[in-house]
Amino acid sequence: MSSTELITEISENQVIYRKSFDVSNELLFEVWSSPDHLKEWWGPDGFTLTVISFDFRNGGIFEFVMHGPDGHDYKNKIQFLKIEKPRLISYKHIGNGDGDEDVNFLSEIVFEPTNQGNSTNLTMVQVFSSKDELERVNQKYGAIEGGKQHVGNLAKYLETFTKAV
């Protein structure tokens with residue numbers, strides 16, 4: 001992958017987002033694994049984030065509220081399944097934290113250093129239980145466009161962050 005453009009692939013019950021970033025895989029991993037960074041970019045356009053708890057280890061829970069531009073608060077809870085610093089973060093979205101599992105999917109984020117200077121290829125794979133479930137979640141919540149905006153907000157944050165350091 002040499003493009004810095006976001007590539008999105010939809011296949012059956014999966015959505016794959018690919019993008020290259022002009023930062024090290026260590027920095028890219030850090031902005032995915034620190035609540036201080038996450039609150040600056042996590043979520044689709046116009047959303048803000050409140051971190052309730054963040055236990056970054058295999059089996060740990062990340063509980064947060066996404067505040068939508070429509071004034072709605074969206075509670076979320078994920079469980080980290082596998083963390084391999086600075087190469088991989090895998091987690092399961094397990095609903096809103098109050099027993100409602102309306103949105104339930106697996107995510108795997110892979111950070112691969114390139115041989116082109118200080119750059120990293122990011123691959124984010126979201127796996128839903130079925131193609132129908134992916135379509136339902138996409139219709140109800142705009143999941144695919146939200147995923148694109150999520151990665152886009154990461155890119156915007158990294159541009160600002162790397163200029164400030």
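Here the structure is a predicted model, which is why all the values come from computation and not from measurement.
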Chemist: Please list, chain by chain and in numerical order, all residues satisfying ring-ring contact (aromatic ring centres under 6.0 Å, His included) with His93, sequence neighbours excluded.
Modeler: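 Result, ring-ring contact (aromatic ring centres under 6.0 Å, His included) vs His93: Phe105.
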
Chemist: Using modelled atom types only, decide if a donor and an acceptor are shared between the side chain of Asp73 and the backbone of Val65 within a distance under 3.5 Å.
Modeler: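 No, Asp73 side chain to Val65 backbone: no donor-acceptor pair under 3.5 Å.
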
Chemist: According to a hydrophobic-cluster definition based on side-chain heavy atoms being under 4.5 Å apart (Ile, Leu, Val, Met, Phe, Trp, Tyr only), do Phe47 and Tyr141 belong together?
Modeler: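 Result: yes, single cluster for both.
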
Chemist: Just verifying a value: how many Å separate Phe21 CZ and Asn121 CG, rounded to the nearest 0.5 Å?
Modeler: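 Between atom CZ of Phe21 and atom CG of Asn121 there are 10.0 Å.
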
Chemist: Starting from Val110, can I reach Ile16 by hopping between I/L/V/M/F/W/Y residues whose side chains sit under 4.5 Å apart?
Modeler: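 No; tracing contacts between hydrophobic side chains, which count when under 4.5 Å, never links both residues.
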
Chemist: As a quick check of understanding, evaluate ring pair (Phe, Tyr, Trp, His ring centres under 6.0 Å) for His150 and Trp32, giving each step before the final call.
Modeler: CA-CA 12 Å; His150 183 73; Trp32 277 86; 5.6 Å; yes

Chemist: Which pair of non-hydrogen atoms, one from Val151 and one from Met124, has the smallest distance, and what is that distance?
Modeler: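 Closest approach of Val151 to Met124: CG2-CE, 3.9 Å.
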
Chemist: Let me confirm one number: the OG1-CD distance from Thr50 to Glu63, rounded to the nearest 0.5 Å.
Modeler: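 CD of Glu63 is found 12.0 Å from OG1 of Thr50.
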
Chemist: Does the Asn138 side chain pair with the main chain of Ala143, one donor and one acceptor, at a distance under 3.5 Å?
Modeler: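 Checking the backbone N and O of Ala143 against the side chain of Asn138, a donor-acceptor pair under 3.5 Å is found.
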
Chemist: What pairs with Glu145 under side-chain hydrogen bond (donor to acceptor under 3.5 Å, both in side chains), at least two apart in sequence or on another chain?
Modeler: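 Once residues adjacent in sequence are excluded, the partners of Glu145 under the side-chain hydrogen bond (donor to acceptor under 3.5 Å, both in side chains) criterion are Gln149.
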
Chemist: Test of understanding: clusters of I, L, V, M, F, W, Y form through side-chain heavy atoms closer than 4.5 Å, transitively. Do Val125 and Val103 belong to the same one?
Modeler: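 Shared cluster, no.
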
Chemist: Can you measure from CG (Leu88) to NZ (Lys82) and round to the nearest 0.5 angstrom?
Modeler: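 Here the interatomic distance stands at 6.5 Å.
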
Chemist: List the residues meeting salt bridge (Lys or Arg N to Asp or Glu O under 4.0 Å) with Asp45, not counting sequence neighbours, and say none if there are none.
Modeler: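 By the salt bridge (Lys or Arg N to Asp or Glu O under 4.0 Å) rule, Asp45 matches no residue at all.
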
Chemist: Can you tell me how far the OG1 atom of Thr123 sits from the CD atom of Glu112, to the nearest 0.5 Å?
Modeler: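 Those atoms lie 5.5 Å apart.
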
Chemist: Could you note down all residue pairs passing salt bridge (Lys or Arg N to Asp or Glu O under 4.0 Å) where residues 21-31 supplies at least one of them, sequence neighbours left out?
Modeler: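 Pairs touching residues 21-31 that pass the test: none.
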
Chemist: Flag yes if Ile78 and Leu81 sit in one hydrophobic cluster, no otherwise; membership is Ile, Leu, Val, Met, Phe, Trp, Tyr, and two members link when side-chain heavy atoms are under 4.5 Å apart.
Modeler: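 In one cluster: no.
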
Chemist: Assess whether side chain to side chain contact (heavy atoms under 4.5 Å, CB included) is satisfied between Ile89 and Phe111, documenting all intermediate values.
Modeler: CA-CA 9 Å; Ile89 299 172; Phe111 311 89; 4.0 Å; yes

Chemist: With a 3.5 Å distance limit and no angle check, can you tell me whether Thr120 reaches the backbone of Val23 through a side-chain donor-acceptor pair?
Modeler: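 Yes; at least one donor-acceptor contact below 3.5 Å.
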
Chemist: Mind checking what makes side chain to side chain contact (heavy atoms under 4.5 Å, CB included) contact with Asn13, not counting sequence neighbours?
Modeler: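 Applying side chain to side chain contact (heavy atoms under 4.5 Å, CB included) to Asn13 gives Val127.
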
Chemist: Is there a side chain to side chain donor-acceptor pair (under 3.5 Å) between Ser20 and Ser119? Walk through the geometry before answering.
Modeler: CA-CA 7 Å; Ser20 288; Ser119 67; over 6 Å; no

Chemist: Taking all non-hydrogen atoms of both residues into account, name the closest pair between Gln126 and Ser107 and its distance.
Modeler: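 Smallest interatomic distance, heavy atoms only, reads CG-OG, 3.6 Å.
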
Chemist: Side chains of Glu108 and Leu106: closer than 4.5 Å at any heavy-atom pair?
Modeler: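 Contact flag for Glu108/Leu106 side chains = no.
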
Chemist: Which heavy-atom pair separates Thr8 from Lys148 by the least distance, and what is that distance?
Modeler: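 Closest approach of Thr8 to Lys148, heavy atoms only: OG1-CE, 3.5 Å.
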
Chemist: Of all residues at least two apart in sequence or in a different chain, which pass the side chain to side chain contact (heavy atoms under 4.5 Å, CB included) check with Lys131?
Modeler: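 With neighbours one apart ignored, the set is Glu12, Glu135.
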
Chemist: Please enumerate all residues that pass side chain to side chain contact (heavy atoms under 4.5 Å, CB included) together with Asp70, with sequence neighbours excluded.
Modeler: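 Applying side chain to side chain contact (heavy atoms under 4.5 Å, CB included) to Asp70 gives His72, Tyr74.
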
Chemist: Who are the ring-ring contact (aromatic ring centres under 6.0 Å, His included) partners of Phe54, not counting sequence neighbours?
Modeler: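 Listed in chain order: Phe56, Phe62, Phe80.
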
Chemist: Give the C-alpha distance, both sets of side-chain angles, the deciding distance and a yes or no for side chain to side chain contact (heavy atoms under 4.5 Å, CB included) between Asp36 and Val51.
Modeler: CA-CA 9 Å; Asp36 289 339; Val51 175; over 6 Å; no

Chemist: Distance from Ser24 atom OG to Asn118 atom CG, nearest 0.5 Å?
Modeler: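 Here the interatomic distance stands at 5.0 Å.
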
Chemist: Which is it for Ile83 and Tyr91 under the side chain to side chain contact (heavy atoms under 4.5 Å, CB included) test, yes or no, and what are the steps along the way?
Modeler: CA-CA 9 Å; Ile83 299 168; Tyr91 63 83; over 6 Å; no

Chemist: With sequence neighbours left out, what residues match Ser90 under side-chain hydrogen bond (donor to acceptor under 3.5 Å, both in side chains)?
Modeler: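 For Ser90 there are no side-chain hydrogen bond (donor to acceptor under 3.5 Å, both in side chains) partners, ignoring immediate neighbours.
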
Chemist: Quick one: list whatever passes side-chain hydrogen bond (donor to acceptor under 3.5 Å, both in side chains) with Glu9, sequence neighbours left out.
Modeler: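 Glu9 satisfies side-chain hydrogen bond (donor to acceptor under 3.5 Å, both in side chains) with Arg18 only.
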
Chemist: CG/Leu28 to NZ/Lys19 distance, rounded to the nearest 0.5 angstrom?
Modeler: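 Interatomic distance, Leu28 CG to Lys19 NZ, rounded to 0.5 Å: 10.5 Å.
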
Chemist: Taking side chain to side chain donor-acceptor pair (under 3.5 Å) as the cut-off, I'd like each qualifying pair that reaches into residues 155-165, sequence neighbours left out, listed once.
Modeler: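 Passing the test, one end in residues 155-165: His37-Tyr157.
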
Chemist: Identify whether Ile10 and Tyr17 are in the same connected component of the hydrophobic contact network (ILVMFWY, side-chain heavy atoms under 4.5 Å).
Modeler: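 Shared cluster, yes.
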
Chemist: Show the nearest heavy-atom pair for residues Gly43 and Met66, with the distance to one decimal.
Modeler: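 Heavy atoms of Gly43 and Met66 come nearest at CA-CE, 4.0 Å.
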
Chemist: Does a side-chain heavy-atom distance below 4.5 Å link Phe64 with Leu49?
Modeler: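 Phe64 vs Leu49: side chains touch.
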
Chemist: Distance-only, no hydrogens or angles: does the Trp41 side chain make a donor-acceptor pair with backbone N or O of Val31 under 3.5 Å?
Modeler: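 Side chain of Trp41 to backbone of Val31: a pair is present.
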
Chemist: For Glu133, give me all partners under side-chain hydrogen bond (donor to acceptor under 3.5 Å, both in side chains), at least two apart in sequence or on another chain.
Modeler: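 Once residues adjacent in sequence are excluded, the partners of Glu133 under the side-chain hydrogen bond (donor to acceptor under 3.5 Å, both in side chains) criterion are Arg136.
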
